[in-house]
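The structure appears right after this line, and notes come after that.
Every number for a ligand or one of its atoms is a count from 1 in the order of the listing.
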Amino acid sequence: MKTKTIFSCQNCGYQSPKWLGRCPDCASWNTFVEEPLIEPKVASRHAMHAALLGPLPVEPVLLKDVENQENIRLKTHIVELDRVLGGGIVKGGVILLGGDPGIGKSTISLQISHQLAKAGSRLLYVSAEESVAQTRLRAERLGAANSERIYIVNQTDIAVIIEYIKKINPEVVVIDSIQVVFSPDISSSPGTVAQVRECAHTLVRIAKTLGISMVIIGHVTKEGAIAGPRVLEHVVDTVLYFEGQRNSSYRLLRAVKNRYGSTNEIGVFQMAKFGLEEVENPSQFFLSERPEQASGSVVSSVLEGTRPVLLEIQALVARSSFGYPTRRSEGFDYNRLNLIVAVLEKRLGFHLENEDIFINVAGGIKVDDPSCDLAVALAIISSFKEKVVGKGIVVMGEIGLASEIRSVTQVSLRVHEVQKLGFTQCILPKNNIDIQNNFGSLLIPVSTIAEAIDKALT
Ligand code: TYD
Ligand code: MG
């Protein structure tokens, strides 16, 4: 009998009965791989889990008697991480840690293990990619090598891994990485969507039944042959992505899904000689490479979760050599940019129709806070007019279609950050000025873009 097969996108898990060049779901090219079709055989699945775990706890219990596991959090004492997680690792919670190869996933996982072990937890680190000796070397560098309570094994067979979990009975398991773990019951090769999903499902079940927390590492993959972490996002409780630019030592940890907390917190780290260090003042980091006396550079404020962060918005306005000017935006919403340009043209009479406009948010952060509108507008005018916005100035405000400046949320939090970092002038919406005025001459209220241009450009 011919085995049935299906084609799966290795980036997002989309399935199709025939091969496709481009995935209709995630739009990536050349990512379809033929895999044997696995029917969800409910009965045999349960049989397998029963064999692995013993009988399933299927007896209903009273709702009021259900233990609230969310309250049982293991603090990693890595403040940046605990905040992103919403207070620590939840008992029985499964975290997917995704990111490019070499970004620091193994490093932070070892550091987490070390911290948890120090606080008394028992851990199992499944070093599926690297030998235990390699991991030991890295642990030495991180000062984690002599940790009590960290067990380590180099194993890729999911059934054996589960045997070890049951034997060692750890509070936390790290799987590094899921893409090399495989189940011998499935004929497709390790790393394919079918394998990665099946193994992750099994791990999640173990986590839930035994109340074990897990960190599952997944590489973001460029080539199509290996399934990326996206195919697991719906299987786990929390999805964290580790981001950073190749040539910079800074790393951002971002939650894109969190059943136990918010998703708008970021953690900022720096890869140093002895592992990842926390960056306690992200504003300083985002502003660290700001050019002095350059036109088109403006500092603004965003709220990342509960934290105010100052960052630099850059604009480059250059005469277009073609009939149709280019608008590009990196880190700022493209449609919002077009709206701001339209307001500048229509309401203030700037002739931008023959200008290419490029916007960049420095530091690789993505801004999703309308309070940056005014900074974008000022950066454009600053570059267009070749006039510098003073070094000590921070700008915040949302722009309305009539070119009015609308108020921003959490203004005192933001202004405190401005003051803390030693800025001398804060241009902000007039409607926000009712905050207790103990900021002296720091605050400069404006109600239109024209007023802001007047105050900021020299
Ligand atoms: P790693 O954690 O192995 O990345 P991943 O698991 O995401 O593939 O990190 C590897 C990089 O980090 C490597 O380029 C070396 C660097 N590194 C440091 O700079 N300092 C350190 O203390 C460690 C452990 C790694
Ligand atoms: Mg690694």
Side-chain angles (χ1 to χ4, degrees), residues 10-11 76-78 80-81 84-85 89 94-118 123-147 150-156 161 172-182 190-191 196 199-200 203 214-223 225-233 236 238-256 266-279 285 364:
Q10 304 293 308
N11 183 41
T76 66
H77 297 285
I78 302 171
E80 293 290 302
L81 175 71
V84 173
L85 288 172
I89 296 178
V94 180
I95 299 166
L96 174 68
L97 177 59
D100 288 331
I103 200 89
K105 300 179 297 299
S106 302
T107 304
I108 198 161
S109 301
L110 257 183
Q111 287 180 276
I112 295 170
S113 306
H114 179 47
Q115 290 298 331
L116 292 175
K118 266 208 304 202
L123 286 106
L124 175 61
Y125 194 104
V126 181
S127 178
E129 269 178 19
E130 295 176 279
S131 70
V132 294
Q134 272 172 309
T135 303
R136 156 99 205 179
L137 256 181
R138 178 179 294 123
E140 268 166 24
R141 191 163 163 186
L142 302 173
N146 294 322
S147 258
I150 299 182
Y151 290 82
I152 177 160
V153 64
N154 173 247
Q155 180 55 256
T156 51
I161 291 172
V172 182
V173 174
V174 179
I175 306 288
D176 186 3
S177 70
I178 189 70
Q179 278 122 336
V180 294
V181 174
F182 74 100
V196 165
C199 293
L203 288 168
M214 288 203 191
V215 178
I216 298 179
I217 294 177
H219 297 293
V220 171
T221 51
K222 294 280 182 294
E223 76 282 13
I226 296 182
R230 273 197 60 193
V231 305
L232 296 180
E233 285 183 358
V236 299
T238 302
V239 179
L240 304 182
Y241 277 100
F242 221 178
E243 301 166 1
Q245 275 145 359
R246 284 243 155 257
N247 45 11
S248 146
S249 63
Y250 287 98
R251 302 283 180 263
L252 295 184
L253 190 66
R254 192 188 295 281
V256 299
I266 58 163
V268 186
F269 295 88
Q270 183 169 21
M271 183 62 96
K273 220 167 151 193
F274 304 110
L276 287 153
E277 289 170 0
E278 298 173 56
V279 174
F285 149 50

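Residues K105 and H219 form a side-chain contact, since some pair of their non-hydrogen atoms from C-beta on lies under 4.5 Å apart. The shortest side-chain heavy-atom distance between T238 and I89 does not fall under the 4.5 Å cut-off. Proximity of S113 to Y151: side-chain heavy atoms (C-beta onward) are nowhere separated by under 4.5 Å.
The minimum heavy-atom distance between G98 and P229, with the atom names listed, is CA-CG, 4.3 Å. Nearest heavy-atom pair, R251 versus L276, reported as atom, atom and distance to 0.1 Å: CG-CD2, 3.9 Å. Residues Q155 and V126 approach most closely at O-CG1, 3.5 Å, considering heavy atoms.
Taking the six-membered ring where the residue is Trp, F242 and F269 present perpendicular rings, their angle passing 60° and hence far from 30°.
Exactly one of V181, V180, I216, I178 qualifies for a side-chain contact (heavy atoms from CB on, under 4.5 Å) with V196. That residue is I178. The side-chain contact (heavy atoms from CB on, under 4.5 Å) with L240 is formed by just one residue from the set V215, L81, I108; it is L81.
Nearby protein atoms of type N, O or S around the Mg ion (ligand 2) amount to 1 (distance under 2.8 Å).
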N/O to N/O under 3.5 Å, ligand 1 against protein:
| from | atom 1 | to | atom 2 | distance (Å) |
| --- | --- | --- | --- | --- |
| ligand 1 | 2 (O) | S106 | N | 3.3 |
| ligand 1 | 2 (O) | T107 | N | 2.8 |
| ligand 1 | 2 (O) | T107 | OG1 | 2.5 |
| ligand 1 | 3 (O) | R138 | NH2 | 2.8 |
| ligand 1 | 4 (O) | G104 | N | 3.1 |
| ligand 1 | 6 (O) | S106 | N | 2.9 |
| ligand 1 | 6 (O) | S106 | OG | 2.7 |
| ligand 1 | 7 (O) | I103 | N | 3.4 |
| ligand 1 | 7 (O) | G104 | N | 3.0 |
| ligand 1 | 7 (O) | K105 | N | 2.8 |
| ligand 1 | 7 (O) | K105 | NZ | 2.8 |
| ligand 1 | 8 (O) | G102 | N | 2.7 |
| ligand 1 | 20 (N) | R141 | NH2 | 3.0 |
| ligand 1 | 20 (N) | A272 | O | 2.7 |
| ligand 1 | 22 (O) | R141 | NE | 3.2 |
| ligand 1 | 22 (O) | K273 | O | 3.0 |
| ligand 1 | 22 (O) | G275 | N | 2.6 |

